[in-house]
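These numbers come from the heavy atoms of this one structure, side chains and all, not from hydrogens, waters or symmetry mates.
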Amino acid sequence: MTKEKKNEKKKDGLNGVLMQVAISIISIVFAFLVGGIIIAAMGENPFKAYSVLIKGAVGTPVALTVSLTKTVPLILTGLAVAVAQKSRVFNIGAEGQLLVGAFAAGYVGFTFHLPAPLHILLCLAAAVIAGMFWAFIAAFLKYSRNVHVVIATIMLNYIATSLVQYFVCGPFKEPGATFNATSAIAETAKLPQILPRPLSLNLGFVIALVMIAACWFLLNKTTTGYEMRAVGSNPNASRVGGINIKKNMFMALVLSGALAGLAGGIEVSGSLYRVMEGFSPGYGFNGIPVAMMANGNPIAIFFSAFLLGAMRNGALAMQIQLGISQDIVDIIQGLVIIFLGCDYMIRYYINHVRLERRKLA
């Protein structure tokens with residue numbers, strides 16, 4: 001390949017990245033505009049509402065660290081969805097994988113008594129294995145009985161929710177507790193804080209950043225990652241090229257489950273310190289818009305996850321101060337997905353504007 005062709009290829013790649021960034025930003029802006037219209041229709045000032053939301057999300061050091069803490073499970077579930085999508089596998093079961101991972105970590109945390117570093121590692125390892133196993137079930141059903149992955153993972157979400165609820169409300173409920181939850185995990189199973197109190201940020205944030213780097217390296221710098229991306233881009237060409245399609249799709253789904261399970265483990269070991277009924281506000285499902293906004297890029301997932309995590313944190317202040325329901329965040333999140341679904345239309349108008357500018361020049 002000549003130097004000119006290499007430069008042209010790099011330029012095309014950069015233009016593609018910039019185009020996707022522009023589409024994501026436009027989608028987010030439009031979603032907030034429509035959200036503002038909805039807030040105004042409710043009789044509230046959207047500028048004041050968004051001001052309170054931003055202040056509640058990042059207005060103080062404490063608020064910022066809480067937002068970063070809420071970002072951690074979104075990073076990991078976003079990575080889970082993105083990794084699976086690279087091999088054209090739509091893992092909609094991250095919520096179930098997160099739940100079983102959380103319970104596994106909690107069970108190890110309140111059952112065993114070990115030295116701190118070993119206990120933490122065992123809790124997180126249990127969460128990863130549980131998430132992998134839950135994803136393995138869907139992968140096995142797909143490649144042994146041709147059960148569609150979306151159907152299998154959706155059903156497994158319901159099973160995981162009911163199973164964990166049964167454990168928390170039944171045999172593993174803390175004796176004498178007034179709410180449905182397991183016993184608290186041991187002190188040796190808790191992730192250490194990386195900032196002094198009252199700031200709220202634990203080692204899970206660092207683990208999430210490490211997972212971002214690991215996923216980026218896997219997908220972009222390894223043969224395995226190349227094969228996964230090739231399968232996602234063109235399965236037929238990959239098959240002709242000697243790549244094992246089933247193996248890569250199977251591996252992508254199991255790896256996705258491991259990341260989602262880790263998210264549940266960190267949530268229990270780093271924030272909740274026990275498994276509670278309904279503790280997840282839908283982290284697994286929220287991983288889908290996180291991955292979509294980032295277009296599956298592990299680095300960009302940090303920013304999209306932080307956006308949603310900060311919005312969820314700030315929404316509480318908005319509800320307390322202005323009486324605006326936190327559900328507005330879910331509405332904005334849904335609008336982002338809708339506008340991201342208009343990808344080709346946005347591309348058309350961006351290219352149309354570029355063409356008109358060139359004509360005028």
Side-chain angles (χ1 to χ4, degrees), residues 48-78 98 101-102 105-106 109-110 115-117 119-121 123-124 127 174 177-212 262-283 286 290 301-330 332-333:
K48 187 177 181 180
Y50 285 149
S51 175
V52 171
L53 186 146
I54 292 170
K55 187 176 180 180
V58 296
T60 64
V62 172
L64 177 59
T65 54
V66 172
S67 293
L68 289 172
T69 300
K70 289 183 178 293
T71 298
V72 171
L74 295 174
I75 289 174
L76 293 169
T77 55
L98 178 146
F110 65 70
H119 204 174
I120 292 169
L121 285 173
C123 285
L124 298 183
E174 183 178 17
T178 57
F179 56 95
N180 293 324
T182 64
S183 300
I185 62 174
E187 288 294 324
T188 53
K190 295 179 180 178
L191 288 171
Q193 296 291 314
I194 59 177
L195 291 175
R197 295 291 185 180
L199 301 179
S200 174
L201 196 64
N202 59 65
L203 189 62
F205 180 71
V206 177
I207 296 172
L209 295 181
V210 170
M211 289 299 102
I212 288 175
L262 179 61
I266 290 176
E267 192 67 6
V268 169
S269 296
S271 299
L272 302 175
Y273 305 134
R274 65 178 74 229
V275 186
M276 296 185 290
E277 182 184 14
F279 75 89
S280 173
Y283 288 129
N286 291 333
V290 166
I301 279 174
F302 171 81
F303 300 100
S304 57
F306 178 72
L307 174 65
L308 293 190
M311 283 172 58
R312 292 203 167 276
N313 185 31
L316 180 60
M318 191 171 63
Q319 183 173 30
I320 293 172
Q321 295 183 36
L322 302 177
I324 299 174
S325 173
Q326 296 185 64
D327 292 338
I328 192 66
V329 170
D330 293 320
I332 293 172
Q333 184 176 302

message: Going by salt bridge (Lys or Arg N to Asp or Glu O under 4.0 Å), name the residues that satisfy it together with Glu277, two or more places apart in sequence or in a different chain.
response: none
statement: For Leu74 and Gly309 the tightest heavy-atom approach is CD1-N, 3.5 Å
Heavy-atom closest contact (Phe110 atom, Ser183 atom, distance): CD2-O, 3.7 Å
Atom pairs and distances, donor-acceptor, side-chain atoms in residues 189-200, under 3.5 Å, two or more places apart:
unit_1, atom_1, unit_2, atom_2, d
Lys190, NZ, Glu187, OE2, 2.7
Gln193, OE1, Leu201, N, 3.2

field: Nearest heavy-atom neighbours spanning Val58 and Ala63
entry: N-CB, 4.3 Å
task: Measure the spacing between CG of Leu307 and CZ of Phe303 and express it to the nearest 0.5 Å.
output: 11.5 Å
query: Is there a side-chain contact between Ile212 and Ile75 (heavy atoms, below 4.5 Å)?
result: yes
query: When rounded to the nearest 0.5 angstrom, what is the spacing between CG in Leu76 and CG in Leu98?
result: 9.0 Å
message: So which atom in Ala184 and which in Arg274 form the shortest heavy-atom distance, rounded to 0.1 Å?
response: CB-NH2, 3.5 Å
- request: Drop me the distance from Gln319's CD to Leu53's CG, to the nearest 0.5 angstrom.
  value: 11.5 Å
field: Gap separating the CZ atom of Phe279 from the CG atom of Asn180, nearest 0.5 angstrom
entry: 14.0 Å
field: Criterion side chain to side chain contact (heavy atoms under 4.5 Å, CB included) on Cys123 and Ile185, from CA distance to verdict
entry: CA-CA 10 Å; Cys123 285; Ile185 62 174; 5.9 Å; no
- request: Name all residues meeting the side chain to side chain contact (heavy atoms under 4.5 Å, CB included) criterion together with Gln333; count only those two or more places apart in sequence or in a different chain, and write none if there are none.
  value: Asn286, Pro289, Leu308, Arg312
- request: Supply the atom-to-atom distance Met311 CE to Ile332 CD1, rounded to the nearest 0.5 angstrom.
  value: 4.5 Å
message: Side chains of Pro281 and Tyr283, heavy atoms from C-beta outward: is any pair under 4.5 Å?
response: yes
message: Quick one, Leu203 with Ile120, criterion side chain to side chain contact (heavy atoms under 4.5 Å, CB included). Give me CA distance, side-chain angles, the key distance, then yes/no.
response: CA-CA 11 Å; Leu203 189 62; Ile120 292 169; 5.8 Å; no
Heavy-atom side-chain contact between Ser271 and Asn202 under 4.5 Å: yes
statement: Output for pair (Met318 CE, Lys55 NZ), nearest 0.5 Å, gives 15.0 Å
query: Does any N or O in the side chain of Ser269 come within less than 3.5 Å of the main-chain N or O of Ile266, such that one atom is a donor and the other an acceptor?
result: no
field: Steps toward side chain to side chain contact (heavy atoms under 4.5 Å, CB included) verdict (Phe205, Thr69)
entry: CA-CA 7 Å; Phe205 180 71; Thr69 300; over 6 Å; no
- request: Provide the closest heavy-atom pair for Ala127 versus Ala105 in the form atom of the first, atom of the second, distance.
  value: CB-CB, 4.1 Å
